[in-house]
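Here the structure comes first, spelled out in structure tokens, and everything after it is commentary.
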Amino acid sequence: MALTDGREAGDQDWLDVLGKVARAGVYGVASTGIYCDFGCPSRTPLRKNLRIFAAAEQAEAAGYRRCRRCARRGVPAWTEVSP
Ligand SMILES: [Zn+2]
């Protein structure tokens, strides 16, 4: 597993990151090795560095560490994609 796992951000993923839309899944930032919930108030990363994962566990398996701002919100990471 590597930081380049997951998939590239599509247009909708990018819009959701830009708009800080809280939705299922997490996004990793390959340049920092950090992953965030969608809706995280952290600074918007560059689109080319984004990797999209369906669940936090997958991002962690790829070697990402959880963003501290997400963790501090006290909201558990999304664990599955809504149907
Ligand atoms: Zn975050």
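Counting starts at 1 for both ligands and their atoms, following the listed order.
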Residue set satisfying side chain to side chain donor-acceptor pair (under 3.5 Å) with Q58, at least two apart, ordered chain then number -> none
Value for CH2 (W14) from CG (L46), rounded to nearest 0.5 Å, stands at 7.0 Å
Heavy atoms of R69 and C40 approach each other most closely as CB-SG, 4.3 Å
Protein N/O/S atoms closer than 2.8 Å to the Zn ion (ligand 1), ordered by chain and number, come to C36 SG, C40 SG, C67 SG, C70 SG
field: Flag side-chain contact, heavy atom, 4.5 Å: E57 against V26
entry: no
Residues at least two apart in sequence or cross-chain that pass side chain to side chain donor-acceptor pair (under 3.5 Å) with R7, listed by chain then number, are D13
Sequence neighbours excluded, the answer for side chain to side chain donor-acceptor pair (under 3.5 Å) partners of D5 is none
